[in-house]
Each structure stands twice: as C-alpha cells, then as structure tokens.
Protein chains: 2
Amino acid sequence: MNENIGNVISKAREIYQTYVYEEKEAIDVTVEDITSSIEHTNLKATATSEDIKTLCNEAKKHKFRSVCIHPSYIPIAKDFLGESLVKVVTVIGFPLGMNTSLIKSKETENAISMGADEIDMVINQGKLKDGAYDNVFFDIHKVVKTAGSIPVKVIIEACNLSNEEKIVACLIAEAAGAKFVKTSTGFAKHGATLEDVALMRYTVSNSIKVKAAGGIRDLETAKKMIANGADLLGTSSGVKILQGLSVDGTY
Amino acid sequence: MNENIGNVISKAREIYQTYVYEEKEAIDVTVEDITSSIEHTNLKATATSEDIKTLCNEAKKHKFRSVCIHPSYIPIAKDFLGESLVKVVTVIGFPLGMNTSLIKSKETENAISMGADEIDMVINQGKLKDGAYDNVFFDIHKVVKTAGSIPVKVIIEACNLSNEEKIVACLIAEAAGAKFVKTSTGFAKHGATLEDVALMRYTVSNSIKVKAAGGIRDLETAKKMIANGADLLGTSSGVKILQGLSVDGTY
C-alpha cells in the first residue's frame, strides 16, 4: 500500500469521529467576491457553439473567474475569450469518472494542448467504494502529473458517497496533489449541499480550495455556500446570482 | 463538404417527408430470441467490482449476448467471463459525447487493448445541433477506423434530438461505418421509445442493426421493442425480463 494511503485512513477516521456540522449563517458579499468565485458553466450534452459564445460573452462582461465547458469546445472558447482574463476550465472523465487512468491522463494532455487553464476531473467512485484507495490515488496522481503547473480539481460526487467516503476521497485528492476538491458534477442525484461543503472544507488543509457545484441558482444559496466554506461556485446561474446581488443591495 | 454529407442531407429530407410511424404489435419471442439480444448492462458511476462480478455471472448463466460496462472494468470483466461466449461491450465518450474525437479514438484503442469486443460511442450532439455534420461524421469515422474489425455502435441520444436530427444522426453513423445505431445512454431524460426504434430501423439500411437501450424493464416492453425494429436490448433488467418470459409462458 502507498504510504500516503495509510495516513489518509488514520486521518479520515479521526475526522469522521470528531467532526460536527454546524451551519454558518450566510454572509454579505461584494460583487467582486461573487464574480471572482463564479465558474460560469455550460456542460450540457446539447450545448451548441452559439451557447458557448453566449457563455463566454457573459463571463467577459461580468468578469467571472472562468467558463467551465466540455473539451470539444475549448478551441472556440479560447477564441471567443481572446485576451480576457477569464480562465477556461474543462472536465475530464466527466461525469461518471469510470474511464481508465490512462485515458484521463490523455484527456488532460489534450485539453491543455488546446489551452485549458484548469482541469476538473471526476474520481473513480466504484474503486473508492471497493476500498481500492491505491487505485483512486493513482488515478488522480496521474492526472496531476500530466497537468504539471495546471491546477487540478477533483470532483468527488458527494451525493453518491457516505460521509466516510467523502472524507477519504478529499484526503486522497489532497495527497495526490489536487489543488481543489469539488462537490458535484451536476449530473447525479443532486448538486452541492452546505453540509458537504463544510465537511470538505474541514477535511482538507488550508492550501486546498473547495468548489461547490450544482444547484446553486440564486444569491441566497451562493452566500450560504461561501459562508460554509466554498471558495468557488460552479453554476450556470451566475448572471442571475449577480442580479440578485443588485436587487439585494448588499454591495 | 464531405460528399457523404450531401447524400445524407438529401436522403434525410426524403425520409423525413415520407416516413409515417405505425406501431407494430408485440410479437412472441423465444428464450433464445431474448438472451441473444440482451446486452446486460451496469454503467452506474458507483458500480463496484463485486457488482461487475454479479453482472458477468448472470450473463454467463443466462447466455446473454454481452455485458456492457465502463472501460475501467474491462480487465476484471474479461477475467470473470473467462472462456464464455459473452462479449464485453464498453462505452466511449460516455454519456455526454462532448470530449474530442482524438480522445474518443484513444479511448477506443485503450478499450480494445484491454479486450473489448464492441464499442458503444456517443455522438457529439452539440455539433449535430450546430449542423456541423462534417465534424459529426469525422468523430464517428475516427472511432470506426481505430476500432478496425471491432464493431462500433453509435448512440444518438434520441431523447435530446428532433426527428430530423435523429434521421441525420443515423445516416451519418451508417456513412461513417458504424455497425449499429443505438437509441440512448440511459443517462438523459428518458431511454428508448418504440417511435424512435421504428424510425431508426426505417432510416438505416438492412446491414445496420438497431440497439434499444434505457428503460426496458419488463418482457412486454422487450417484445414491443423487438417487434418495432430493435435487434439488441441494452438493459439492466435482463434477468427480470427472462423471468417474465417464464411466467408468461410464451416459449
């Protein structure tokens, strides 16, 4: 067994036994807090190039952190975004995470060669549930190595996991060199919950960030996610969230 | 424009203008009709190796045509199936189809190197909706070329398409060298419908087979699918369908 895994297992047990969830109240946020946290997302299977153009234009206009799109749209997104500071985030092994580590690595290489600035990969949930932690670690580590200086987020698909599995998944992701852990793909039973965001925040060290994704459709939810530990918000409702902010008058 | 695409467009127009759906009555089927048509499927993101073992054992016991599983489970499925005649079918670009053609090709190569007997790939629906038919053709053709003698099924995800798009998708798949067209991934709004199976059967030539997948959970539905043009049934309910057959007494 990989020595990292031994540490993961003992640390996971400790967290599982001692952690208690307490919901933190929503905080007031500024326009900049919101725009710099939003990954403006269109991962629909039916997204057209026109949809991606709209997404990119909105992201530029509102100064969102990034667009999050499928690999086959990276070239046109780079083109639409031009010289703007909006990052291009793409997804690997998405949304099921059950392809091989070799292919996840090839996907990463291909995405970066087309200009991806960040990689959101899906964990192999089957192997996690099998307790094949070495495999789960290797799967992430291979992508991280391939990505080099490009940051990798690991999507744990929290809604499919027990709390113990969520903790283990986050600790393996950190040990394997991920820069972020991410709650959800948006394609499973449900997206981010406050409980999951808080647990993930508690589990990983301060050098790792947490991305809440899926089901974040209004300002109130966005604020709560941030208050409970989310650094980034993966959402297709960024424009609506900003509108709530202007209605809400909290900035 | 690829000359195949010109032919596809004129043929699609003709089919769209003249085709009329008429539901055919369910036919009686034998145990062998059913078992030889069933692709025994577990594509859950959370499938464990124990689940895959069960799937393989059921497929062997009931002499199903194949198991349909994620790429990362091909090695253990080959192992569990041993010398049996049950094929190993895997999925490529699954379930959204929005990765690049290069990666779909690499996935195919990787799957075949691990022992996959057939490849079920998902079409790029965004490019189809964009009318970028050359891209859709190229995407399939690249996988078909990589697969060589290994048959390729093209999943059109019918529930996301208009009838015109379904017809075009099937004709492009045939022109690009697919051996089967398949209705659904089982991960979108709904699975196979009789209307889609009949339309797809009508659209492709007799050298192409039709796989109905998703939502086929009992004998009655299985019979109707076959009567309306399905050659293969992608289902996780194969054992239940067979039980219906023994209760039903139609064999």
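The basis for the numbers below is simple: all heavy atoms, side chains too, and nothing from hydrogens, waters or symmetry mates. Chain naming here is simple, since letters A, B, ... match the order of the sequence lines and numbering starts at 1 in each. Everything numeric in this text was worked out from a predicted model, so none of it was measured.
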What part of B/Asp51 lies closer than 4.5 angstrom to a heavy atom of chain A: side chain, backbone, both or neither?
neither

Proximity breakdown for [X] and chain B, heavy-atom pairs closer than 4.5 Å:
X: A/Asn124; value: side chain
X: A/Lys44; value: backbone
X: A/Leu43; value: backbone
X: A/Phe94; value: both

Considering all heavy atoms of both residues, which atom of [X] and which atom of [Y] are nearest to each other, and what is their separation?
X: B/Asp130; Y: A/Glu50; answer: OD1-N, 4.4 Å
X: B/Gln125; Y: A/Thr46; answer: OE1-CG2, 3.6 Å
X: A/Met98; Y: B/Tyr73; answer: CE-CE1, 3.4 Å
X: B/Leu96; Y: A/His70; answer: CD1-CE1, 3.5 Å

Does [X] have more than 12 heavy atoms from other residues, nucleotides or ligands lying within 6.0 Å of its [atom1]?
X: B/Lys209; atom1: NZ; answer: no
X: A/Lys78; atom1: NZ; answer: yes
X: A/Tyr16; atom1: OH; answer: no
X: A/Lys106; atom1: NZ; answer: no
X: B/Lys60; atom1: NZ; answer: yes

Interatomic spacing from [atom1] in [X] to [atom2] in [Y] - rounded to 0.5 Å:
X: A/Leu102; Y: B/Ser113; atom1: CG; atom2: OG; answer: 8.0 Å
X: A/Ile103; Y: B/Glu107; atom1: CD1; atom2: CD; answer: 5.5 Å
X: A/Ser72; Y: B/Lys104; atom1: OG; atom2: NZ; answer: 7.0 Å

Decide yes or no on side-chain contact (heavy atoms from CB on, under 4.5 Å) for A/Thr100 and B/Met114, but give the supporting numbers first.
CA-CA 11 Å; A/Thr100 64; B/Met114 293 186 291; 3.5 Å; yes

